[in-house]
Amino acid sequence: MAGKFTSSTQAIPDVGKVPRHIAIIMDGNGRWAKKRFMPRVAGHKRGVEIVRATVKACIARGVDYLTLFAFSSENWRRPVEEVSFLMNLFVSALQNEIGRLHANGVRLKVVGDLSAFEPRLVALIREGEALTANNSRLTLTIAANYGGRWDILQAMNQLALAHPEKVGVFGEADLAPHLVMAYAPEPDLFIRTGGEQRISNFLLWQLAYSELYFTDTLWPDFDDASLDSAIASYRQRERRFGRTSEQLIDNAVSPAPTLVLPAAGHDA
Ligand code: IPE
Ligand code: IPE
Ligand code: MG
């Protein structure tokens with residue numbers, strides 16, 4: 001449903017107790033394996049188990065959208081054996097998990113430039129998406145061969161092709177529906193495991209006002225307690241979206257959670 005959600009830079013989302021959308025950079029698989037004198041790929045295998053547990057935990061906590069960065073557009077630079085292991089792991093995870101995801105009411109989406117993937121992987125992705133399309137308990141998005149810059153550029157190109165007469169005067173609201181995750185509200189909580197404090201070309205547009213949480217915990221060690229710590233940190237944040245604390249307190253007295261702020265000057 002493109003266009004259903006207004007950009008969080010323009011509207012104050014209803015901040016509930018639980019983040020509605022959590023986006024995670026699952027990092028640290030290689031280091032986890034290295035610490036155990038195991039090959040890097042053992043960490044990726046263990047990482048899939050953590051994905052399964054995290055999906056379950058998010059459902060139990062009432063999260064609506066979970067978005068996981070599985071493979072970046074830059075990860076092709078890794079050794080060819082590791083890339084091919086990751087591709088095979090993606091295939092087997094889809095085959096093994098899709099039934100369980102469907103039974104649990106999970107809607108699966110895969111976003112990224114799929115043109116680089118093998119046809120059998122793309123077919124599995126499309127089948128999984130079709131099977132689960134009408135589920136509504138949790139939307140699980142896997143970002144694969146995804147890059148935030150790629151996303152903004154593909155949206156820009158689509159928009160320019162659709163409305164050549166408006167080139168030069170596009171606003172945020174014109175672009176947002178063409179981003180690959182237009183079906184989801186922007187992430188409330190961003191988590192990166194593995195100790196690095198960077199975005200690594202993940203959701204560049206959509207993270208504009210997300211709360212950022214970085215943890216040294218390696219992805220294969222990220223358990224329910226780790227997730228709860230991240231959510232607890234989120235719940236202590238004050239999401240001001242440019243306003244002052246005092247204004248937020250006034251709003252709490254007479255809540256206006258979906259209050260639409262004046263658009264930025266250039267966004268006519
Ligand atoms: C994240 O773990 C998984 C992918 C990028 C596919 P890494 O493989 O980056 O693990 P580290 O960062 O080397 O420990
Ligand atoms: C980011 O992790 C991408 C994924 C988790 C899929 P990386 O390990 O590839 O990130 P950098 O290269 O250290 O920034
Ligand atoms: Mg890494």
Side-chain angles (χ1 to χ4, degrees), residues 21-55 57-58 65-97 108-118 121-122 124-125 140-154 179-181 184 187 189-207 210 212-223 226-227 230:
H21 182 175
I22 301 181
I24 308 182
I25 296 186
M26 310 180 288
D27 197 15
N29 293 352
R31 280 163 285 165
W32 181 90
K34 199 173 170 195
K35 268 182 18 188
R36 286 163 179 75
F37 306 101
M38 288 152 79
R40 290 178 54 80
V41 295
H44 298 318
K45 265 179 99 168
R46 166 83 184 171
V48 174
E49 290 167 33
I50 303 300
V51 168
R52 190 188 302 127
T54 304
V55 168
C58 283
Y65 296 86
L66 173 65
T67 301
L68 303 175
F69 205 5
F71 192 87
S72 75
S73 42
E74 288 71 31
N75 287 145
W76 296 108
R77 295 173 183 157
R78 294 194 175 197
V80 65
E81 307 78 44
E82 181 167 344
V83 169
S84 94
F85 182 91
L86 285 167
M87 293 300 147
N88 288 331
L89 191 62
F90 199 3
V91 168
S92 65
L94 272 169
Q95 284 169 334
N96 294 335
E97 304 296 330
L108 176 72
K109 295 271 201 185
V110 179
V111 296
D113 181 3
L114 301 191
S115 67
F117 291 148
E118 271 184 39
L121 176 53
V122 179
L124 267 175
I125 289 169
L140 170 65
T141 301
I142 304 293
N145 195 20
Y146 177 88
R149 292 181 176 178
W150 166 83
D151 191 5
I152 294 169
L153 276 173
Q154 67 79 30
L179 294 166
V180 290
M181 289 197 65
L189 173 60
F190 160 92
I191 299 172
R192 182 173 186 145
T193 63
E196 313 296 351
Q197 303 198 357
R198 53 179 174 249
I199 305 288
S200 297
N201 200 15
F202 195 25
L203 303 158
L204 298 180
W205 178 282
Q206 299 88 338
L207 292 175
S210 305
L212 306 180
Y213 180 85
F214 297 95
T215 172
D216 288 338
T217 302
L218 304 172
W219 178 249
D221 289 326
F222 192 83
D223 58 11
S226 316
L227 178 67

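In each ligand, atom 1 is the first atom listed, and ligand 1 is the first ligand listed.
By the neighbour-count criterion of 12 heavy atoms within 6.0 Å, atom CZ of R52 is densely surrounded, having more than that number from other residues, nucleotides or ligands.
Taken to the nearest 0.5 Å, the CD1 atom of I24 stands 11.0 Å off from the OG1 atom of T215. For the atom pair CG (D216) and CG (D221), the distance works out to 11.5 Å, reported to the nearest 0.5 Å. For the atom pair CD (E74) and CG (N145), the distance works out to 9.0 Å, reported to the nearest 0.5 Å.
Checking R31, R78, K34 one by one against R40, the side-chain contact (heavy atoms from CB on, under 4.5 Å) holds for a single residue, R78.
Here the shortest heavy-atom pairing between V48 and A93 reads CG1-CB, 4.1 Å.
At a threshold of 2.8 Å, the Mg ion (ligand 3) has a backbone or side-chain N, O or S atom of D27 nearer than that distance.
Below 3.5 Å of separation, one finds no N or O of W32 facing any N or O of ligand 1.
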May I have every N or O pair linking ligand 2 to the protein at under 3.5 Å, one per line with atom names and distance?
unit_1: ligand 2; atom_1: 8 (O); unit_2: D27; atom_2: OD1; d: 3.1
unit_1: ligand 2; atom_1: 8 (O); unit_2: R78; atom_2: NH2; d: 3.3
unit_1: ligand 2; atom_1: 9 (O); unit_2: N75; atom_2: ND2; d: 2.9
unit_1: ligand 2; atom_1: 9 (O); unit_2: R78; atom_2: NH2; d: 3.3
unit_1: ligand 2; atom_1: 10 (O); unit_2: R192; atom_2: NH2; d: 3.2
unit_1: ligand 2; atom_1: 13 (O); unit_2: R198; atom_2: NH2; d: 2.8
unit_1: ligand 2; atom_1: 14 (O); unit_2: R198; atom_2: NE; d: 2.8
unit_1: ligand 2; atom_1: 14 (O); unit_2: S200; atom_2: OG; d: 2.6

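Panel note: side chain N75, backbone S72; a donor-acceptor pair is recorded below 3.5 Å.
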